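Below is one structure; the comments refer to it alone.
This chain uses plain numbering: 1 for the first residue, then up along the sequence. All of these numbers come straight from a predicted model, not from anything done at the bench.
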Amino acid sequence: MATPVILPKLGNSVESSIISRWLKRKGEPVTQGEPLFEIETDKTTQQVDSPASGILLDVFFAEGEDVPVLTTIASIGEAAEVPHPPAPSPKMGEGEKRESEASPRHPVTPSPPLAQGEGEKREVGVEPSSPPAAGGSRRGDRVGVSPRARNLAARKGLDLAGVQGSGPGGRVIERDVQAALAARPTLTPLARAMVDKGEFVAPAQGTGVGGRITSKDLQTAAPFHLPLSKGGEPETAPPDEFERVPLTNVRRIIAERMLASLQTTAQLTLNSFADARALQAYRKRLKASAEELGLREVTVNDLVLFAVSRTLPQFPDINALFTGDALLQARRVHLGFAVDTRRGLLVPVIRNADTLSLREMSQAARRLGQAAQDGKVALDELQGGTFTVTNLGALGIETFTPVLNPPQVAILGVGNIHLKPIDVDGDVQFIPHVGLSLTINHQVVDGAPGARFLQALARNLANLDLLLAL
């Protein structure tokens, strides 16, 4: 009897995953336990092993398809066996049934970027897991749209804004897009070719004979602001002036969460500076330490993370989560830190950071950061943070405005170390300082407590040797 291959559920909040790559092809032999395919969620990419040995009888979903979790995606058995279950047939309406019935909808709950202090999104922190966006769509659509419907609309250049959905709760599924395509007005051959490339959208009616749509009537598929002419009207851009780059799965989630963060919280950013001489001096000593101590790889960012982990327990209102009707003060510091990856911003979490030594902190940050870069970080390692640190100092930024990672109530942005003129006994001296930017949710954290946290952190950084002795 053929063995079904089930798309696994990689986390409580994961409703679907993209099949990014099949490692075996139909008809090839497979061995139980060997990697069979790769899947991509909004946070990570992971290989999935074959559940059985035999022949890969059939594959029901192609690479790049977004499939609901716990769906049968392939079948393994003996060469003479018939795949079970049979491959879905779009002609029989199976594709639409799979879309409308297999994709559950959930109520809206605001959530973060991810991350991960994201004003400067590439290294800024915000990424804990969160429920899907409004309308049951995980991709930030204004209405619920199934993956197959969205892909078909994109290929045909159809604007989904006016398409009525016939799926559960008004969800737009493939047959709705097909109906809308059939009802579109006639296009000239050139206009049709331009629309089919996916870079242009046809209006409801054209300027040609009988309302026929010509190439001059087409609009760009992705809205953008063109320069204004002297008369105040948008100038016409040549079709080849822009390259349309579709958003990746992670980028869509980041965009969704950043907007939700700013729309659902009252964000206030406080900027300060800390004397960085102790940081620089201690980092220099670590680099010159004996190799067997394992301290040479400790970075300035590791030292900042360590100082933050020791300062937060004194400020329970900062190391907390806001649920809407209560403030949950964490007993431990679960410290998230933003990582800029090829796929987008990720925010791994160092558990119980307030209990780790400096070397343990550095090792954890290095391991999680590398796993995030390689796309191998576990979902559990991207969730549960109580505070986030995002560092743009390496890019020359002094201060910035990190974006909150709800339900967290604060996020720290770290800038570069630069010389700052300081009055010392009536004499101006240029002393290295590091920029600190703290964004708080002013709904539950007032400015004064936030400022006191920054004061305490700056004091601990300036007296790092004393902090390490505690």
Side-chain angles (χ1 to χ4, degrees), residues 1-92 94-104 129 132 138-139 146-148 150-151 174 248-250 252-253 341-344 346 348 367-368 370-383:
M1 179 177 180
T3 301
V5 178
I6 308 298
L7 185 72
K9 186 177 178 70
L10 298 183
N12 292 332
S13 64
V14 177
E15 292 186 332
S16 66
S17 297
I18 294 174
I19 300 176
S20 56
R21 186 160 65 110
W22 283 101
L23 304 177
K24 293 288 185 177
R25 300 300 175 187
K26 179 179 177 180
E28 291 185 347
V30 297
T31 303
Q32 182 177 4
E34 75 170 322
L36 180 60
F37 60 96
E38 288 182 354
I39 56 176
E40 175 187 343
T41 68
D42 58 355
K43 294 177 181 176
T44 187
T45 300
Q46 182 171 318
Q47 288 188 347
V48 180
D49 296 339
S50 173
S53 297
I55 302 297
L56 185 57
L57 299 176
D58 207 349
V59 170
F60 304 146
F61 295 89
E63 294 178 351
E65 287 200 68
D66 194 338
V67 183
V69 298
L70 306 182
T71 298
T72 298
I73 62 174
S75 184
I76 297 174
E78 299 300 325
E81 288 188 271
V82 176
H84 179 75
S89 172
K91 295 181 181 179
M92 299 173 58
E94 291 288 342
E96 294 171 359
K97 182 177 181 181
R98 183 174 70 244
E99 292 174 350
S100 62
E101 297 182 358
S103 300
S129 92
R138 292 183 51 83
R139 312 298 168 206
S146 75
R148 289 170 63 91
R150 182 171 54 251
N151 292 338
E174 188 178 32
T248 63
N249 195 23
V250 171
R252 287 193 181 98
I253 296 299
T341 76
R342 294 188 302 274
R343 298 176 59 243
L346 296 179
R367 180 186 67 80
L368 290 169
Q370 189 61 54
Q373 292 283 358
D374 296 340
K376 297 180 180 179
V377 62
L379 283 176
D380 289 345
E381 295 172 328
L382 295 170
Q383 301 172 352

Look only at the side chain of Glu28 and the backbone of Leu56, and say whether a donor-acceptor pair between them is shorter than 3.5 Å. no
Return the CD1 to OG1 distance between Ile19 and Thr71, rounded to the nearest 0.5 Å. 9.0 Å
Shortest non-hydrogen separation from Ala2 to Leu57 and the atoms involved: CB-CD1, 4.0 Å
Does Ser53 use its side chain to pair, donor to acceptor, with the backbone of Gln32 at less than 3.5 Å? yes
Could you give the distance from NZ (Lys24) to CD1 (Ile55), rounded to the nearest 0.5 Å? 10.0 Å
With sequence neighbours left out, write down each residue that passes side chain to side chain donor-acceptor pair (under 3.5 Å) with Gln373, or none if nothing qualifies. none
Tell me the closest heavy-atom pair linking Glu381 and Leu368, and the distance in Å. CD-CD2, 3.6 Å
Contacts of Val48 that satisfy side-chain contact (heavy atoms from CB on, under 4.5 Å) - sequence neighbours left out: Pro8, Phe37, Ile39
Nearest-0.5 Å distance, CD of residue Glu65 to CG of residue Leu7: 11.5 Å
Taken in chain and number order and not counting sequence neighbours, the residues that satisfy side chain to side chain donor-acceptor pair (under 3.5 Å) with Gln47 are Glu38
Between Ala372 and Thr341, what is the shortest heavy-atom contact and its length? O-CG2, 3.6 Å
Taking side-chain contact (heavy atoms from CB on, under 4.5 Å) as the test, write out the residues that go with Asp49, two or more places apart. Pro35
Closest heavy-atom pair, Ser50 versus Leu36, reported as atoms and distance to 0.1 Å, is N-CB, 3.9 Å
How far apart are the closest heavy atoms of Pro4 and Pro51, and which atoms are they? O-CG, 4.1 Å
Looking only at non-hydrogen atoms, find the nearest pair between Ala62 and Trp22 and report the distance. C-NE1, 4.3 Å
To the nearest 0.5 Å, how far apart are CD1 in Ile76 and CG in Asp58? 11.5 Å
